[in-house]
Amino acid sequence: MSSYDAVPATPDHIALEHRVLALWEAESTFDQLRTQNAGGAPYSFIDGPITANNPMGVHHAWGRSLKDLMQRHRAMRGHELRYQNGFDCQGLWVEVEVEKSLGLNSKQEIEEYGLDRFARACRDRVAEYSAIQARQSQRLGQWMDWDRSYYTMTDPNIAYIWHFLKVCHEREMLYRGNRPMVWCPRCGTSLSQHELIDSYQDRTHPTLHVRFPFVDAPEEAVVVWTTTPWTLPANVAAAVDPTAEYSGVRTSQGIDWVMSTRVEDLFGEGADVARTALGSELVGKAYVGPFDDLAAQDEVAHRVVAWDMVSDNEGTGVVHIAPGCGAEDFELGKREQIPTLVPVDEAGHFTEEYGWLSGMATADAAEPITAHLAKTGVLVRSGTIDHRFPVCWRCGTDLIFRVVEEWFIAADKVRQPMIDAAATVNWVPEQYGKRMEDWLRNMGDWCISRKRYWGLPLPFYRAPSGEITVIGSVEELRERAVDPIDDLQELHRPWIDDIRIRTDSGEIAERVTEVGDCWLDAGIVPFSTLGWGRDTYTPEGYAEGAGVGLTRADLPDHAYWEKWFPADWISEMREQIRLWFYSQLFMSVVLVGKAPYKSVLGYEKLHDETGRAMHKSWGNAIWFDDAVEEMGADVMRWLYALQTPSQNMNFGYGPANEVRRRLLTLWNSYSFLIRYAEIDDFTPTWADLDSRPPATTALDTWIVARVDETIIACDEALDAYWTPTYARAVESLIDDLSAWYIRGSRARFWRSESDADKDAAFRTLWYCIAQICRLIAPAMPFMADEIWQNLVRDRADDAPTSVHLSSWPKANTPDQAALLSMGLAQTAISLGRAARAQGNRKLRQPLREAVIATPDAAARAAVERLSAEIALELNVKNVRFADAVDELLEIEIIPNFRALGPKLGKDIPRVQQLLKDGEYSRSEAGVEVGGYTLTDDEVEFRTRPREGFAVADEGGLAVAVDTELDQELEEEGLARELIHFIQGERKAAGFEIADRITIEIAPNALAERVLARFGDEIASETLCTTLTSLSHVDGNAFESDGCSVVVHVALAT
RNA sequence: GGGCGAUUAGCUCAGUCGGUUAGAGCGCCUCUCUGAUAAGGAGGAGGUCCCUGGUUCGAAUCCAGGAUCGCCCA
């Protein structure tokens, strides 16, 4: 048997991980796993596509670690998995980055650059970053079938969406409508609700108070307040609350009407109120608009209208209404049948009808508009306001509202079915299900069009008559095409725009120019990647169109879809509730009437370690590449696993270091085993992992029970997709192994003679560490396999070559009695230590005895089994159980509330008091109190130490130590001190642990006595072959309690 | 305005089914071990479990109201 590799004192995570990556590569470990699991019960995970647009961040690494963790766990349990990664390829995300890199800054510049070149540049960017992200993910340890990733820009993906849209059209859910949209003037496109995520920023904007004089009484006017001066030229109405009281305030300009509750704020305390009126009395009044001289205003008759949404705590209580520039305004305008003026074009510039304003940008218009209003005498005052205002998530431009024509999918028909489908899903954390339901109840129609370039070409063809034809597949396009289609290289602009079609009524129709919302691209994935509805399975058939050369993903058939749909599990960050979780659910409910996933794990946001959001500009962002090469992937992954998903994560080098230090405990245990395994040439037994190792001590039995218990806890946690419980359970096992098992068993490994006991110790420790390797393998795949290679592979017959091929550990039923015993013994030991500390006796000093007292017979029996271990830990010669508990303790009986609550109910406080007062008697049956007989299960014994003993107690257990020393104990204590000192000398001299030494020693009289009695022990403990006593030695001196020596150590020859 | 969360030690966070002495890590203090050692172990200080009320024999936990913070929608 080959010898074990030496283990460094601390793991070099980075080097270790690169080594393991190379090993996996060389041995095709992942392929072996897939072969091994082929035909296993399917476990369907569907990956949410990552936008292939930038290098991945540490927040992506969080999600990817969780995905990989869960997949590895299921794989170890023998499931067959698909391992398909996904890249999101289209949409504004990509366009904006490409614009930046090409130095383009407007839609006009893109069109001048050429849509074909632009599309190629977008595709190339996706290719570049998908490769980078794949490489980064591999470094993280994520096992995916990287050659077969799906790309949402491929023709099959697009065609599947076409089909979906056609189904929507057939069900009359698809429509085109004028809608006020949130609009980015720079990007020249509207933003969906989805894209307003995190879009509010603190901004300072101008505010204006403006008079709208009445036509029939020009000295009177309503006064409005606005924070968007550029919308005033599109004003068509002023809204008042019909039920509120308004005041006409006398000012230098005449009578200004505002809501009465606003008078004081606006005009001060001494405002001169000429008269008051209900809002309803103002309704219908015609007024002179502020920009009536502009051509756009020619047809507009301004009037006061009633509106129930007028606020009374802001502004003037009279609201300026511009239906072309605001969502609420638009709704009100529709109701009141007043005109909708859209003052600006796609780029946010005033159109020609706006005279001197035309060509001006909205942001630049505030000042001239204010000046103009001042000149015409309607400006009451101007100021500024600091408020939260939505800006474009990509370019930071202030967003505006603009009424535009867009394409929508009506939501009402699917709202309830979606709510029902969502209710079948296991949402983790649970409240995310409520959030989804809330979102669904409130969802508006889905705006699916974008006036951009690089995206899903909407397959809507408009004929001159206005008739709309929706194309549902590439074949249909081919059949209807009136332009040459054979050269169509991919389903993207500009190429697709060249193809016109013939409609059913024989007209020639052109495609609308819009592209689709990128959430259509991602939402179709559970259909497009699984071959829904296809007759044939096409190997590597997915990569048509823009995906050629990027992936070898198959285009499967319907049988395959049946096997893998719906997903057992998906996982993304929480905001995906309104994004991918939503769009997938929408499309799935439309197409097949059910949810596309069974379980969903969501998680919150990743912040820096101080709890602040990470921002490039704040300098607190951590790059993935830096993190992984400094912390190590395992450490990162363990951090992610420990994190409560429903809580924001504080990520950084500080927390990483804490985790790294905790992982040292496992590493130290491993290194301890290797050290002695090497010395003893230990050969493990593979079968031990299933059948358990032999046990000779109570500690052996106990730690094996702890392993069993932990395996079960891990499975429960991972079945519930709750990784922190899993990670904590493993950490707790590692702690127990190190602090109790190894510390309590060390002597068994030091002994030079071999026997069954030593064999059991080795096999048990090996068993524990090997099982821990398997338990941590899903979360820390590198360290788990590194240890496995050295400790298991090629050491035991039949051992798999990788921990990842070793399957999940088998849980036997935990030995509950052993767990209980050890729990009590641990309590007894820590009490004994506390008692020693009270009695001022170092642990090194042997003491005569510890006395344990407990009134609970079962507890006593349980602890008694571990007397030897307790004696060892407490360094006492004897452990005795007090015959009469009151020797040490006063006893208090406490009701077992959990058991007695249902039985005694309101009598509990009375019984509790009687017990406390000692008003009870004990009998065979149990405790007689207040007319009840309480069995031992129904009460709990607690103890308090009697005065005058070095006693510590907790619950029903008390431990005392005898602190008296006689000469023998004193000398033994000194011998221990001496050993301790010599060990230090050994170490100072740089000797190896197994080196034999010689000692020359010059003792005083007391030391001579100690040597006489304990010389052999000292020699044996220090691996000394010859201990020579001399009158003078050149060496180091040691002195303790009158015992003094000079010692010289040397290597034995 | 509606919805979903959070609030526990100096800091970051666990806390299952309601059970009477609320835990961990880090930090701090005092020790200890020295054959796992840039570690390990023990002990200690540190808590109005956000507030008020309710249900209950019993509430960090359940209910109602409120406060503060975060997020989603309007």
Side-chain angles (χ1 to χ4, degrees), chain A residues 7 9-10 193 196-198 309 311 327-328 429-444 574-575 577-578 604-605 609-611 642-644 646-650 652 654-655 657-659 661-662 664-676 679 713 716-717 720 722 724-725 728 731-732 735 738-740 742-743 746-747 749-750 829-834 836-838 840 842-844 873 894-912 940 942 952 954-955 979-984 986-987 991-995 1021-1023:
Chain A
V7 176
T10 54
Q193 300 172 63
L196 283 173
I197 310 162
D198 286 341
M309 285 171 74
S311 156
E328 293 89 355
E430 212 176 329
Q431 68 261 24
Y432 291 179
K434 297 185 201 166
R435 291 186 89 114
M436 176 58 102
E437 190 185 331
D438 185 56
W439 169 257
L440 293 175
R441 288 200 188 287
N442 294 306
M443 70 174 166
R574 193 202 57 208
E575 66 204 40
I577 290 172
R578 342 181 257 117
E604 291 289 318
K605 294 204 163 133
E609 61 187 85
T610 67
L642 281 164
Q643 174 65 27
T644 304
S646 56
Q647 191 101 27
N648 287 338
M649 173 166 190
N650 298 345
N657 265 330
E658 274 186 33
V659 161
R661 267 164 60 186
R662 262 185 284 158
L664 254 187
T665 309
L666 172 61
W667 190 260
N668 287 337
S669 302
Y670 157 60
S671 129
F672 176 91
L673 174 56
I674 289 292
R675 175 169 297 174
Y676 291 100
I679 291 171
E716 280 174 5
W722 202 249
T725 308
R728 281 198 295 266
E731 283 197 354
S732 162
D735 282 349
S738 167
W740 291 99
I742 296 183
R743 200 159 45 84
R746 275 181 299 192
F749 295 91
W750 303 337
I829 289 163
S830 66
L831 290 172
R833 286 189 187 129
R836 287 186 75 110
Q838 272 180 46
N840 217 2
K842 283 186 188 178
L843 203 47
R844 207 182 291 144
E873 286 288 339
I894 308 283
N896 176 344
F897 293 97
R898 194 190 284 271
L900 287 178
K903 178 170 162 185
L904 270 60
K906 287 179 193 295
D907 263 356
I908 284 225
R910 185 172 66 86
V911 169
Q912 187 176 9
E940 196 178 317
R942 292 226 180 122
E954 181 181 305
I979 291 168
H980 172 198
F981 173 73
I982 294 168
Q983 299 291 22
R986 277 186 64 114
K987 200 174 166 194
F991 299 157
E992 293 299 318
I993 287 163
D995 285 342
E1021 287 288 316
T1022 57
L1023 299 185

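Residue numbering restarts at 1 for every chain, and letters A, B, ... go by the order of the sequence lines. Computation of the quantities below employed the complete heavy-atom set of this structure, encompassing side-chain atoms and omitting hydrogens, waters and symmetry-equivalent molecules.
- Comparing the P positions of U21(B) and U30(B) gives a spacing of 32 Å, expressed to the nearest Å.
- For the pair I979(A) CD1 and C33(B) P, the computed distance is 14 Å after rounding to whole Å.
- The gap from the C1' atom of A42(B) to that of A60(B) amounts to 29 Å, rounded to the nearest Å.
- In this structure, CG of N657(A) is placed 11 Å from P of A39(B), rounded to the nearest angstrom.
- Counting atom types as modelled, R435(A) pairs a side-chain N or O with a base atom of C71(B) as donor and acceptor under 3.5 Å.
- Taking atom P on both nucleotides, A24(B) is separated from G41(B) by 13 Å, rounded to a whole Å.
- Between U55(B) and G1(B), the distance separating the two P atoms is 31 Å to the nearest Å.
- Residue contacts for I742(A): at a heavy-atom cut-off of 4.0 Å it reaches a base atom on one of the strands shown.
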Which protein N or O atoms sit under 3.5 Å from an N or O of nucleotides 25-28 of chain B?
unit_1: G25(B); atom_1: O2'; unit_2: E658(A); atom_2: OE1; d: 3.1

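- As rounded to the nearest Å, G58(B) and G10(B) have C1' atoms that lie 32 Å from one another.
- G27(B) and U12(B): their P atoms are spaced 15 Å apart (whole Å).
- With hydrogens and angles disregarded, no donor-acceptor distance shorter than 3.5 Å links the side chain of D438(A) to the backbone of K434(A).
- Shown here are the ring pair (Phe, Tyr, Trp, His ring centres under 6.0 Å) partners of F981(A), two or more places apart in sequence or in another chain: F1038(A).
- Taking T644(A) as the reference, nothing meets the side-chain hydrogen bond (donor to acceptor under 3.5 Å, both in side chains) condition, with sequence neighbours excluded.
- Distance noted for atom P between C57(B) and G18(B): 16 Å (whole Å).
- For C73(B), one of the phosphate oxygens OP1 or OP2 lies less than 4.0 angstrom from a side-chain nitrogen or oxygen of R578(A).
- Residues passing the side-chain hydrogen bond (donor to acceptor under 3.5 Å, both in side chains) test with N657(A), sequence neighbours excluded: R660(A).
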Tell me, for nucleotides 6-19 of chain B in 5' to 3' order, what letter each nucleotide earns: B for a base near a protein heavy atom under 4.0 Å, S for only sugar-phosphate near one, - for neither?
-> ------SSS--B-B

Report the secondary structure of RNA chain B in dot-bracket form, marking unpaired bases with a dot and bases paired to a different strand with |, and treating Watson-Crick or G-U pairs with both distances under 3.5 Å as paired.
-> (((((((..((((.....[...)))).(((((.......))))).....(((((..]....)))))))))))).

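- Atom CD in E731(A) sits about 19 Å away from atom P in G23(B), given to the nearest Å.
- What separates CH2 of W439(A) from P of C73(B) is a distance of 6 Å, to the nearest Å.
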Would T610(A) and N650(A) count as a side-chain contact (heavy atoms from CB on, under 4.5 Å) if you check the C-alpha gap in whole Å, the side-chain angles of each, and the deciding distance to 0.1 Å?
-> CA-CA 7 Å; T610(A) 67; N650(A) 298 345; over 6 Å; no

Stepwise side-chain contact (heavy atoms from CB on, under 4.5 Å) test for E604(A) and Q647(A) | CA-CA 6 Å; E604(A) 291 289 318; Q647(A) 191 101 27; 5.7 Å; no

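- Between E328(A) and L664(A), the residue anchored nearer the 5' end of RNA chain B, judged by the nucleotide with its closest heavy atom, is L664(A).
- Note: CG (N668(A)) to P (G41(B)) measures 10 Å, nearest angstrom.
- Within the 4.0 Å cut-off from OP1 or OP2 of G3(B), not a single side-chain nitrogen or oxygen of K434(A) is found.
- Taking side-chain N and O atoms only, R675(A) has no distance below 4.0 Å to OP1 or OP2 of A36(B).
- Distance W667(A) CH2 to A38(B) C1': 16 Å, rounded to the nearest Å.
- Not counting sequence neighbours, N648(A) has no partner by the side-chain hydrogen bond (donor to acceptor under 3.5 Å, both in side chains) test.
- A tilted orientation is assigned to the rings of F749(A) and Y676(A), their planes being inclined by 30° to 60°.
- The distance from atom OH of Y676(A) to atom C1' of A36(B) is 8 Å, rounded to the nearest whole Å.
- For R662(A), the side-chain hydrogen bond (donor to acceptor under 3.5 Å, both in side chains) criterion is met by E731(A), not counting sequence neighbours.
- The side-chain contact (heavy atoms from CB on, under 4.5 Å) check on R743(A) picks up W740(A), R746(A), R833(A), E873(A), with sequence neighbours excluded.
- Considering only residues two or more places apart in sequence or on other chains, R435(A) meets the side-chain contact (heavy atoms from CB on, under 4.5 Å) condition with Y432(A), R574(A), I577(A).
- Every residue two or more places apart in sequence or in another chain that forms a side-chain contact (heavy atoms from CB on, under 4.5 Å) with D735(A) is listed here: T665(A).
- Residue-to-nucleotide proximity on RNA chain B shows that, of F672(A) and R574(A), the 5′-proximal contact is made by F672(A).
- Shown here are the side-chain contact (heavy atoms from CB on, under 4.5 Å) partners of A717(A), two or more places apart in sequence or in another chain: T725(A), Y726(A).
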